[in-house]
Amino acid sequence: MSTLSSGLRPPPVRPAAAAAPEPRAARFRLSPADRDVLWLYLLTRISLWITAHFARWLFPAQSGVREAAPVLAPFQHWDANHYLHIARDGYFPAGAGPWTSGWDNREAFFPGYPFLLRAVHTVVPDWTAAGLLISLVAGAVAVLALARIARAYLPEEGAGHRTVVLFLFSPCAVFLAAGYTEALFLAFALPAWLAAMKHRWALAAVLTTLGTAVRVSGLFLAAAIGLLFLLSVRAGGGSRTWRSAGWTLLPALPPAAYSWYLHAHTADWMAWKHAQERGWYRTFHPPWEAWANTWAGAFGGTQSTGYALMFQAELAAMLVGLALVALLVRRRRWPEAVYVALSLWALGTSYWYTSVPRATLLWWPLWIGLAALSLRRPWFRTVYLCVAAPVTTLVALTFLTGRWAG
C-alpha cells in the first residue's frame, strides 16, 4: 500500500496565472503514445465483439434452438433496454408513470444518454447499434484522456499506456462497450478533470455539466473540481481565479432542470431518487446495515449461487473503494478523495450494494494508482492480468448472455 500511495505524484496545485497556456492545435494532436492507446482500445473492442459473437451461439436463451440469436442481441440487456425505451418512447409514454401498475421506473435514469441515443438513431436506424456507436466513440475519448492524466501524475515512461491496459482489463470493462452510460460519462469527466488540472475552469465546468446530464456521479465530480478550484485559489490564484468561481455552479443546472421536468409530470421534485428506491432498493440505510444485508446476500444462503457471487463482488469492490479513499486521504489528495468518497456513500447507503464493481470504472485514481504500483513492481502487472483476464471474461459472458452482472 505504501508503494501505491507513494507512486501517485500529481503536479502541485499552482496559481492559474502560472499555468502556461497550451496551443490549441496541441490539444487535439495525437502523439505516438496516444495512437498506441487507441490501437490497444480497438484491439480490446474487437476481442469483446468476438466474445459476444460466440456467446450467442454457445449460450442460447433456450436449449435446443437451431439458430443463433441476432448479432446485436448480446448487448440488449438490463439498463441498455431502459435507455432504449426512454429514447424511443420518452419518460411518460401515453400518460403512463409511477402511478401505473408494472411501471419500469425509467425516470431513475438521467436524460443525457437517452437524448444522445435518440439523436444518433436518426443516422443509425438500429437502436442497439446506435448505443454501441456512442460507447465506442466515447470510450476512445475516455482512454485518451485517462492516459494523458496518468502521464501528468506519473513520471515513468509508459505510464499512460500501463494505466489504460489495467483499465481495459478491469473486471467490469464490458460495460464500456455496451449501451450503458459509463463510457459517455468518462468521455466528459476525464477531459473535465484534465482541464481543471490546467486551470481551464470554464471548459472543466462545461464538460462536468455534460457529465451531470448523464449520471448523478457528475455531481460528485463537480464537488471534486470545486475543491480543486478552492485549493488553486489558496495556492495564490488571486482575484483572476476568483472571477472563474461562477463556473463551478454550472454543473447543477442539468439535475435541477431534470427535477423540474419530473415535478411537472409527477408533482415530485425527487422522482428520480424515488424511482431508484422502488426499483433498486436504494432506500437509505446506515452503512453498517447495507454491509450486513449485502453480506447476507453473499454468504447467508438467501440467494442463488450466481447472485451470491455477485454480492461477493459488491463487497470486494466496496473494500477496494474504501482502501482507495484511505490512500488518497493519506496522500492529501483531497479532491480525488472527495470524488470517490461521495460515490461510496451513495452506493453504500442503500438496502444492499448494487453496481459497486461497475462504479470502479469511474474511479480513475484507482487505475492510475495500480499503474504506479505495476511500474515499480513489474510482477504486479503479470499477477493482475492473470487474475483479471478470466474474471473480465466471466463478467462479460455473464452480461452478454443476459445474466445480472456488475
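Every value quoted in this text rests on a predicted model; they were computed, and no experiment measured them.
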Apply the test side chain to side chain contact (heavy atoms under 4.5 Å, CB included) to residues W352 and W295: give CA-CA distance (whole Å), side-chain angles for both, the deciding distance (0.1 Å), then the verdict. CA-CA 9 Å; W352 51 28; W295 184 275; over 6 Å; no
For the ring pair F109 and W280, is the centre-to-centre distance below 6.0 Å? yes
Main-chain N/O of E107 paired to Y258 side chain as donor or acceptor, under 3.5 Å: yes
For the residue pair Q76 / T128, report whether a side-chain donor-acceptor contact shorter than 3.5 Å exists. yes
Taking it one step at a time, do R376 and E156 satisfy salt bridge (Lys or Arg N to Asp or Glu O under 4.0 Å)? CA-CA 9 Å; R376 288 160 174 75; E156 291 85 355; 2.6 Å; yes
D104 CG to N81 CG distance, which is reported to the nearest 0.5 Å: 10.0 Å
Could you tell me whether the side chains of H285 and N293 share a donor-acceptor contact shorter than 3.5 Å? no
Can you tell me how far CG of D34 sits from OG of S31, rounded to the nearest 0.5 angstrom? 3.5 Å
Whether H121 side chain and L117 backbone form a donor-acceptor pair below 3.5 Å: no
Test side chain to side chain contact (heavy atoms under 4.5 Å, CB included) on V340 and F220; report intermediate values, then the result. CA-CA 8 Å; V340 180; F220 311 153; over 6 Å; no
So do V214 and F188 actually touch side chain to side chain, heavy atoms under 4.5 Å? yes
Distance-minimising heavy-atom pair for P251 and T212: O-OG1, 2.9 Å
From L361 atom CG to R358 atom CZ, the distance as rounded to the nearest 0.5 Å: 8.5 Å
When rounded to the nearest 0.5 Å, the distance separating CG of L322 from CG of L327 is 11.0 Å
Please report the interatomic distance CZ(F284) to CD(E289), rounded to the nearest 0.5 Å. 8.5 Å
Side-chain donor-acceptor contact under 3.5 Å, Y153 with E336: yes
Side-chain donor/acceptor of H265 to backbone N/O of Y261, under 3.5 Å: yes
Is it true that a side-chain atom of R56 and a backbone atom of A68 form a donor plus acceptor pair closer than 3.5 Å? no
Any donor-acceptor pair under 3.5 Å linking the side chain of E314 with the backbone of S355? yes
Does the ring of F110 carry R215 above it, NZ/CZ under 6.0 angstrom from centre and within 45° of its axis? no
Rounded to the nearest 0.5 Å, how far does CD of E277 lie from OH of Y281? 13.0 Å
Do W379 and S374 have side-chain heavy atoms sitting under 4.5 Å apart? no
